[in-house]
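Encoded as structure tokens, the structure appears first; notes follow it.
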Amino acid sequence: MQLDTIKITLENHIALVELNRPDKANAMDERMWADIRQAFDWIDDEPAARVAVLAGNGKHFCSGIDLMMMMGLKARIEDPCEARSREKLRRIIVDLQDCLTALERCRKPVLAAIHGACVGGGVDLICAADMRYTTDDAYFCVKEADMGLVADVGTLQRLPRLIGEGQARELAYTCRRVSGTEAVQLGLANRSFADRDTLLQSVMSIAADIARKSPLVMRGTKQVLNYSRDHSVADGLDFVAGWNAAMLMSADIQEAIMASMQKRDGQFRD
Ligand SMILES: C/C=C/C(=O)SCCNC(=O)CCNC(=O)[C@H](O)C(C)(C)COP(=O)(O)OP(=O)(O)OC[C@H]1O[C@@H](n2cnc3c(N)ncnc32)[C@H](O)[C@@H]1OP(=O)(O)O
């Protein structure tokens, strides 16, 4: 899969997605927003991809929205009719939201590996991943308020669920930087590593563990977790009962039990 601003490599069932504008600190220009959606829609659809790792090429993971794109917004929504102009802007915002929701919509687990700076839209992006891993010296910044805008592509909705209301509000109101080690204490990242190489190696190894399991079960687990996060416990239990009534009796359950008894890895279809 060839995209302008993103490199995708699929090997051993792991799709490595690399933000690839290193000369611009992986700033998200119009192409990159669209490429992110295309990449994760493709991974969702590609049977050989069982898990995805999202990383950034160069010195930083992501410097947020491309400031040139921000500056160009006014011209894009120009219209003699005020209402039509506002409608255009709303459509642009909804579309950008959807580009990042593609990570959540993708049925395969998405692991973000963050080094260097992760700023503004970069935080919106990683909040839509399943798990986040980082380097000790990386830093995270919910930068939108300092840029004169209300964050509108996912951070304010997803971050409080990851780290709690109080901590999320502090980060959104103050725009202070959080280091990789603090991100782990807050629960924003699962683990932090000494440097980028160790980070990538470790995240690829976690991804490999996931890729060895039944892809059907991994896809189901993600969808049930997503549903349960957004609904009551009772609704979540109801949903998973329906899910497993349809999916439990698979070849995978037999293979997993046999493999466990024979102390070997299970062999599963994509
Ligand atoms: C809805 C979403 C909202 C948001 O995302 S709001 C937040 C928007 N983002 C920002 O305000 C971050 C701006 N960038 C920075 O603060 C810094 O950069 C970094 C801390 C990320 C990195 O600093 P350093 O390592 O010193 O690199 P460098 O020389 O500043 O940047 C390297 C090249 O990257 C370009 N660049 C960096 N960030 C952006 C950006 N967000 N939009 C467009 N270009 C960017 C620079 O200009 C420069 O380029 P050249 O070498 O050609 O001068």
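Quick caveat, the model's predicted, so the values are computed rather than measured. Remember, it's 1-based here, ligands and their atoms both numbered in the order they're listed.
With Asp79 as the fixed residue, the salt bridge (charged side-chain N to carboxylate O under 4.0 Å, His left out) test singles out one of Arg91, Lys74, Lys88: Lys88. Checked against Arg107 for a side chain to side chain donor-acceptor pair (under 3.5 Å), the options Asp44, Asn226, Asp45, Thr221 give a single hit: Asp44. Checking each of Lys222, Arg37, Arg229, Arg161 against Glu104 for a salt bridge (charged side-chain N to carboxylate O under 4.0 Å, His left out) leaves exactly one that passes, namely Arg229.
Remark: Asp124 does not engage Arg158 in a salt bridge, criterion side-chain N to carboxylate O under 4.0 Å. Salt bridge Asp29/Lys24: absent, no basic N to carboxylate O contact under 4.0 Å. Classification of Lys108 and Glu46 as a salt-bridged pair fails, no side-chain N sitting under 4.0 Å from a carboxylate O.
Summarising the local packing, CD of Gln262 is surrounded by more than 12 heavy atoms from other residues, nucleotides or ligands at distances under 6.0 Å.
With hydrogens and angles left out, the side-chain atoms of Asp98 and Thr101 include no donor and acceptor closer than 3.5 Å.
At a distance under 4.0 Å, a protein heavy atom can be found next to atom 21 (C) of ligand 1. The presence of a protein heavy atom under 4.0 Å from atom 47 (O) of ligand 1 is ruled out. Within a 4.0 Å radius of atom 28 (P) of ligand 1, the protein has no heavy atom. Shown here, atom 52 (O) of ligand 1 is in close reach of the protein: a heavy atom of it lies under 4.0 Å off. Counting only heavy atoms, the protein gets under 4.0 Å from atom 40 (C) of ligand 1. Within 4.0 Å of atom 18 (O) of ligand 1, not a single protein heavy atom is present. When distances from atom 6 (S) of ligand 1 to the protein are checked, a heavy atom turns up under 4.0 Å. Counting only heavy atoms, the protein gets under 4.0 Å from atom 24 (P) of ligand 1.
The shortest side-chain heavy-atom distance between Gln38 and Arg31 does not fall under the 4.5 Å cut-off. At least one side-chain heavy atom of Ile36 sits less than 4.5 Å from a side-chain heavy atom of Leu103. Residues Ile257 and Met261 meet the side-chain proximity criterion, which asks for heavy atoms closer than 4.5 Å. With a 4.5 Å cut-off on side-chain heavy atoms, Asn190 and Leu111 do not count as touching.
In summary, the atoms of ligand 1 found under 4.0 Å from a heavy atom of Ala25, numbered by their order in the structure, are 34 (O), 37 (C). Contact atoms of ligand 1 toward His60: 22 (C), 23 (O), 24 (P), 25 (O) (distance under 4.0 Å to a heavy atom of the residue). Of all the atoms in ligand 1, the ones that sit under 4.0 Å from a non-hydrogen atom of Ala27 are 39 (C), 40 (C), 41 (N), 42 (N), 43 (C). Of all atoms in ligand 1, numbered sequentially from 1 with element shown, those under 4.0 Å from a heavy atom of Gly64 are 5 (O). Taking every heavy atom of Glu144 and a limit of under 4.0 angstrom, the matching atoms of ligand 1 come to 2 (C), 3 (C).
Among the atoms of Ile65, some N or O lies under 3.5 angstrom from an N or O of ligand 1. Considering backbone and side-chain atoms alike, Met68 places every N or O at 3.5 Å or more from each N or O of ligand 1. Polar contact check, Val119 against ligand 1: no nitrogen or oxygen pair lies under 3.5 Å apart.
The shortest contact between atom 42 (N) of ligand 1 and any protein heavy atom is with Leu67 N, 2.9 Å. Nearest to atom 26 (O) of ligand 1 among the protein's heavy atoms is Lys59 NZ, 4.1 Å. In terms of protein heavy-atom proximity, atom 32 (C) of ligand 1 is closest to Asp23 O, 4.0 Å.
Here the shortest heavy-atom pairing between Gln223 and Phe239 reads O-CE2, 4.0 Å. Scanning all heavy atoms of the two residues, the minimum distance from Ser192 to Thr135 falls at CB-C, 4.1 Å.
Using a 4.0 angstrom heavy-atom cutoff, Tyr139 counts as in contact with ligand 1. Within the structure, ligand 1 lacks Asp29 among the residues with a heavy atom less than 4.0 angstrom away.
With Lys24, Lys143, Met147 as candidates, the residue nearest to atom 34 (O) of ligand 1 on a non-hydrogen basis is Lys24. Of the listed options Ala151, Ser63, Ala117, Gly120, Ser63 places a heavy atom closest to atom 9 (N) of ligand 1.
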